[in-house]
Amino acid sequence: MKEPSNYLFKISFQLQVMRVSVIVPAKNVDKKLKLLFDSLNKQILKPHEIIVVYNDVDNDFILLEHRNKVRFLRDKEAKGANYARNRGARVASGDILAFTDSDCIPDNEWISSLMTEFSNFNVDAVAGIVKTYNKESFIARYIGKSFFRPTQFKERKILSKSMGINIAVTSNFAIKRDVLLKIGGFDEEYFRYGSDDVDLVTKLIKNGYKILLSPLPVVYHIERTRLWNIIKRFYEYGKGLSIYRFKHPLTLLSLVSSAVTYGIVSVYLLSAYLMFYGNKITALSLSALHFVFLMVYHLIYSFKERNLERMIYPFLDYILSISSILGILIMDCKTLINKLAYSLKSLFRI
C-alpha cells in the first residue's frame with residue numbers, strides 16, 4: 001500500500017465540497033467484507049458513507065460489528081448486482097458514488113486518487129485498475145495474466161466520443177451521483193452476467209459525458225481459485241456480452257466481439273466439414289488456429305517475464321473462450337427467439 005502523498009491537503013478540501021459514498025453490492029455478508037471494511041477504514045481520505053446492499057448473511061458477527069459504520073440494505077429477492085448498485089445510488093447522500101465489490105480490497109489511496117482525477121480533469125466518471133490480491137493461488141495468478149483480463153491502463157485516457165475496445169469495470173469505478181441518476185443508473189437486465197460496466201460507459205458517452213481511465217485508483221481483487229467456478233463465470237460473461245451487442249450493435253466492441261465469435265464458430269464448422277469429407281490435415285490446421293493464437297500470445301509474454309508458468313495459460317484461456325462463446329451463442333439464440341415471438345404476437349394482434 002502507498003504512503004500519504006503531498007496532495008492530501010488539496011484533496012481534503014475537495015472532499016469537504018464533494019462527499020464520496022462507497023456502494024458495494026454483496027451476494028452474502030461474509031468474511032471477505034471484513035477485509036473490504038478494514039481497507040476502507042485505512043483510507044487516507046475517508047468516505048462520507050459506506051452502503052452495502054446484500055442478499056444473504058453468512059456471518060452475523062460482521063453485520064453486527066459494522067452496523068454503526070456501514071449502512072446495510074437487504075435485497076431479499078436477489079435481483080442482481082445492478083439492482084443493488086441502483087438502490088445504493090438512490091439512497092446515497094454523497095456527490096460522488098464510488099463502486100467496488102465485496103471481494104475487493106481498495107488501495108489506501110483509492111478515494112484520494114479518485115478525487116484527484118475528478119479535480120484535475122473535470123470529468124463525469126473515473127475508472128481505475130484492478131490487480132490480483134491472492135497471488136499465492138495458481139488459478140488466481142492465471143486470471144491476473146489471462147488474455148481475457150480487462151486492460152490495465154498504463155496511461156490516462158479520456159473517453160468522450162467513443163469507448164473503442166476499452167473496458168472499465170465496476171469494481172473500481174466512480175461517478176457523479178446526479179449524472180448516474182440522469183442516465184437511469186445501471187441496466188438491471190444484465191443481472192449477474194457482466195458487460196453492465198461497458199453498457200454504462202457506452203450510455204455515458206452517448207449522452208455527452210466524459211470518462212477518465214486512470215492507472216492511479218487501484219483496487220485488489222480476491223480472484224476465484226476453482227477453475228470450474230471461473231468457467232461458469234465466463235459462460236455468464238458471454239451472456240452479458242450478447243445482451244450488450246443487441247443493445248449497442250454498432251459500437252466497436254460489439255462489432256469486434258461479433259466478428260471474433262462467429263469467425264471462430266465458422267472456422268470450427270468448416271473444420272468439421274473438411275474432416276467429414278476426408279481433408280483431415282486442413283481441418284486440423286484450421287481448428288488449431290484459435291489455440292495457436294493464444295499460445296503465441298502467452299509465449300511472447302513468457303519470454304518477456306521469464307515466466308514458464310505462462311505456458312500453461314493458453315490451455316486455460318482456450319477453455320474460458322469456449323465457455324464464453326457458448327454463453328454468447330445461447331443468449332443470442334434466446335434473444336432472437338424472443339424477438340421473433342414478439343414480432344409474431346404483434347402481427348397476430350394486427
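Basis for what follows: all heavy atoms, side chains included, without hydrogens, waters or symmetry-related copies.
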Would you find more than 12 non-hydrogen atoms of other residues, nucleotides or ligands less than 6.0 Å from [X] atom [atom1]?
X	atom1	answer
Lys247	NZ	yes
Phe138	CZ	yes
Tyr273	OH	no

Is any NZ, NE, NH1 or NH2 atom of the basic residue among [X] and [Y] found under 4.0 Å from an Asp or Glu carboxylate oxygen of the other?
X	Y	answer
Arg224	Asp103	no
Glu136	Arg141	no
Arg149	Glu223	yes
Glu117	Arg156	yes
Asp38	Lys42	no

Can a side-chain donor-acceptor contact be found between [Y] and [X] if the only test is distance below 3.5 angstrom?
X	Y	result
Glu189	Tyr193	no
Ser324	Ser321	no
Lys206	His248	yes
Ser171	His221	no
Asn307	Ser302	no
Asp75	Asn55	no

Q: Apply side chain to side chain contact (heavy atoms under 4.5 Å, CB included) to Tyr268 and His290, showing your working.
A: CA-CA 9 Å; Tyr268 281 125; His290 178 191; 3.1 Å; yes
Q. Applying the salt bridge (charged side-chain N to carboxylate O under 4.0 Å, His left out) test to Asp101, which of Lys27, Arg85, Lys32 qualifies?
A. Arg85
Q) Are the side chains of Arg233 and Leu320 in touch, meaning some heavy atoms are under 4.5 Å apart? A) no
Q) Should Ser93 and His48 count as side-chain neighbours, where that means a heavy-atom distance under 4.5 Å? A) yes
Q. So, for Tyr297 and Phe147, is the gap between ring centers shorter than 6.0 Å?
A. yes
**Q.** Output field: ring centroids Phe315/Phe291 closer than 6.0 Å
**A.** yes
Q | Quiz item: cation-pi between Lys304 and Tyr301, 6.0 Å / 45° | A | yes
